[in-house]
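Structure first, commentary second.
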Amino acid sequence: MTEPKKLFIKTYGCQMNVYDSERMAEAMGGEGYVQTDTPDDADMILLNTCHIREKAAEKVYSELGRYKGLKAEKPDLKIGVAGCVAQAEGQEIMRRQPMVDLVVGPQSYHRLPELEAKARSGQKALDTDFPEDDKFTALKSRPKAKRGPTAFLTVQEGCDKFCAFCVVPYTRGAEVSRPATRIMDEARDLVDRGVRELTLLGQNVNAYHGHDKGLGGLIRELAKIDGLQRIRFTTSHPNDMDDDLIAAHGDCDKLMPYLHLPVQAGSDKILKRMNRAHTAEEYLKLIERLRSVRPDLHLSGDFIVGFPEETEADFQDTLDLIKAVEYGSAFSFKYSERPGTPAAERAQVPEDEKNDRLQRLQALLSQQQRALQDAMIGRDVSVLIEKAGREPGQMVGKSEYLHAVHVQAEGQAEGIAPGDMIPVRIVSSGRNSLNGDVLPR
Ligand code: 5AD
Ligand code: SF4
C-alpha cells in the first residue's frame with residue numbers, strides 16, 4: 001500500500017474559511033490526502049487566506065516566507081494559496097512568491113483536485129473564476145466520519161451591499177444562496193454524525209433566498225430535524241432582518257438567543273458614507289423589535305473606528321449607540337484602507353487618532369461584556385458540552401447566549417461527555433468565560 005500524502009491547511013479569517021477548509025480537506029481526501037497538523041511533514045501546504053484588512057493579507061506573505069527552507073529541502077512539496085487573498089491578488093502572489101504552485105479563489109474550490117494534479121505535473125495552476133455551478137455540489141461530499149457537537153454550514157455566499165470599506169463583494173462575488181433541499185440534506189447528515197448545534201454561515205446570511213420564506217423559513221424547517229438542538233446564524237445585515245426572521249427569535253425554540261448584528265458606526269453621517277443604507281435610529285428600533293419578541297437576546301456587533309472623515313463627535317455617536325444597545329460581545333477594528341474600495345480614496349484619519357478611539361471603544365465594550373457576564377451569576381442556563389477543559393475533570397461548553405461555560409466533572413458532573421446538553425447554575429464570571437455548577441437533570 002502506498003503511504004497517503006499529507007495536507008497541511010492553515011486557515012485565516014472568518015468562520016466561512018473554517019468551513020471551506022473542512023470541505024477542501026474532504027475533497028483532497030478523495031485524492032489520497034490525509035490532514036496533518038504540521039507543515040514539516042506535508043506534501044501540500046494550503047493557506048486559506050483573508051483579505052478583509054491589510055494586516056490579515058500581509059500575514060500570508062510572511063507565512064509563505066517561512067516555507068522557503070521547507071520547499072528547498074523538499075522540491076515535491078506543493079504550496080497553494082486559497083481564499084480571498086488568492087482571489088484579489090492571485091497573479092501578484094505568483095510573481096512575488098515564485099514558490100507558490102497553486103492559487104485558487106473561494107468560488108473555485110471544486111476544481112482543487114484538478115489544480116493539484118496540474119501543479120504535480122510541474123505547471124503553475126491558477127483559478128479565480130466565478131463559475132455558475134455550485135461549488136458545494138461539485139465538491140465531494142463529506143465522508144461519514146463522526147463529528148463533534150457543533151458544526152458550521154454555509155448557506156449563502158457573497159454580498160451585494162458594497163459597504164464603502166469592504167472587499168467582500170469583490171473577493172466573494174455576488175450573493176448566491178444554496179438551495180434549501182441541499183442544505184437540509186447536509187444538515188441531516190451532520191446530525192446523524194453527532195452534530196447538535198448548527199451555525200448557518202453567509203457573508204450576508206439573512207439575505208438568504210434559497211427557501212421561499214427566506215432564512216426564517218429555512219430555520220423553521222431545520223428546527224424540525226430530530227436530534228438537532230440548536231441553530232445559530234452569522235453574519236447579518238440590519239436591512240435584511242425581515243418580519244419572519246424577527247418573529248423566529250420569539251417562537252422558534254431551537255434558534256438561540258444570540259445575534260451578531262454589525263452596525264459599524266453610530267453616526268448617521270458616517271453610516272451614510274459607509275453606504276450602510278440605514279440610520280442609527282433605525283438600527284436601535286430594530287433591536288427594540290427583536291428584544292420585544294426575545295427580551296433576553298444577547299447582541300454582538302462589529303465596529304470600525306477611524307473611517308475616513310470620522311470626527312470626534314461622530315465617534316461619540318458610536319459610543320452612545322453602544323451604550324444604548326449594551327452588547328454581550330463585539331469585534332472592533334481600526335479602519336484599514338483596502339485597494340479598490342471607495343473609502344480608500346478619501347481623506348484618512350491619522351493613525352494615532354485611530355489607536356486612541358479603538359482603545360476607548362474597546363474599554364467600553366469590555367466593560368459591557370463584563371457587566372452582562374456578571375449579571376449571569378445565579379442564573380440557570382443550558383450548556384452544550386463541547387470538550388474537556390484545561391483543568392483536570394473540567395468540561396467546557398456554550399450557553400444558549402454563546403458564553404463559554406466551565407463545569408467541574410466531580411460529583412454530579414461525572415460522566416458528562418461532549419454533545420450532552422446539561423442544566424447549569426452560573427456561580428462566577430471570569431475574563432472571557434463563566435463557571436457553573438451542574439444542576440440535577
Ligand atoms: N477596515 C476595518 N475593518 C473592516 N471590516 C471590513 N472591512 C474593513 C476595513 N476595510 C470589518 C467590519 C466587518 C468585519 C467582518 O470586518 O466590521 O463587519
Ligand atoms: Fe462587507 Fe458585510 Fe458590507 Fe457586505 S454587508 S460589503 S460583507 S461589511
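Just follow the structure's listing: the first ligand is 1, and inside any ligand the first atom is 1.
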Q | F165 neighbourhood, listing ligand 2 atoms whose heavy-atom distance to it stays under 4.0 Å | A | 8 (S)
Q: Show the numbers, then the answer: is there a side-chain contact (heavy atoms from CB on, under 4.5 Å) between V85 and L47?
A: CA-CA 10 Å; V85 179; L47 302 183; over 6 Å; no
Q: Decide ring pair (Phe, Tyr, Trp, His ring centres under 6.0 Å) for H249 and F233; before the verdict, give the C-alpha distance in whole Å, the side-chain angles of both, and the deciding distance to 0.1 Å.
A: CA-CA 11 Å; H249 283 274; F233 62 92; 5.7 Å; yes
Q. So between C159, C166, G158, whose heavy atom ends up nearest atom 1 (Fe) of ligand 2?
A. C166
Q: Run the numbers for me: atoms of ligand 2, each under 4.0 Å from some heavy atom of P169, listed by number.
A: 6 (S)
Q. Of all the atoms in ligand 2, which lie at a distance below 4.0 Å from a heavy atom belonging to H237?
A. 5 (S)
Q. Relative to Y61, does R96 satisfy both conditions: NZ or CZ under 6.0 angstrom from the six-membered ring centre, and within 45 degrees of the ring's axis?
A. yes
Q.
If we set the cut-off at 4.0 Å for heavy atoms, which region of Q264 has an atom near ligand 1: side chain, backbone, both, or neither?
A. side chain
(Q) Over 60° means perpendicular and under 30° means parallel, so tell me whether F8 and Y67 are parallel, tilted or perpendicular. (A) perpendicular
Q) Starting from atom 7 (N) of ligand 1, which protein heavy atom do you reach first, and at what distance in Å? A) F165 CD1, 3.3 Å
Q: Could you check atom 6 (S) of ligand 2 against the protein and tell me its nearest heavy-atom contact, residue, atom and distance included?
A: C163 N, 3.3 Å
Q: Answer yes when K118 and E114 have at least one side-chain N-carboxylate O distance shorter than 4.0 Å, and no when they do not.
A: no
Q.
With side-chain contact (heavy atoms from CB on, under 4.5 Å) as the criterion, how do T150 and V195 come out once you've worked through the C-alpha distance, each side chain's angles and the decisive distance to 0.1 Å?
A. CA-CA 5 Å; T150 64; V195 170; 5.9 Å; no
Q. What is the closest protein heavy atom to atom 1 (N) of ligand 1, and at what distance does it sit?
A. S336 N, 2.9 Å
Q | L364 and K323: CA distance, side-chain angles, deciding distance, side-chain contact (heavy atoms from CB on, under 4.5 Å) verdict | A | CA-CA 8 Å; L364 174 62; K323 284 178 197 152; 4.1 Å; yes
Q | R53, any N or O under 3.5 Å of ligand 1 N or O | A | yes
Q) If you measure from each non-hydrogen atom of F333 to ligand 1, which part falls under 4.0 Å: side chain, backbone, both or neither? A) side chain
Q.
Contact between ligand 2 and R172 is defined here as a heavy atom of the residue under 4.0 Å from a ligand atom; is it met?
A. no
Q. Any idea which atoms of ligand 2 are less than 4.0 Å away from a heavy-atom of F162?
A. 6 (S)
Q. Considering only the protein, which heavy-atom contact is closest to atom 6 (C) of ligand 1, and what is its distance?
A. I52 CG1, 3.4 Å
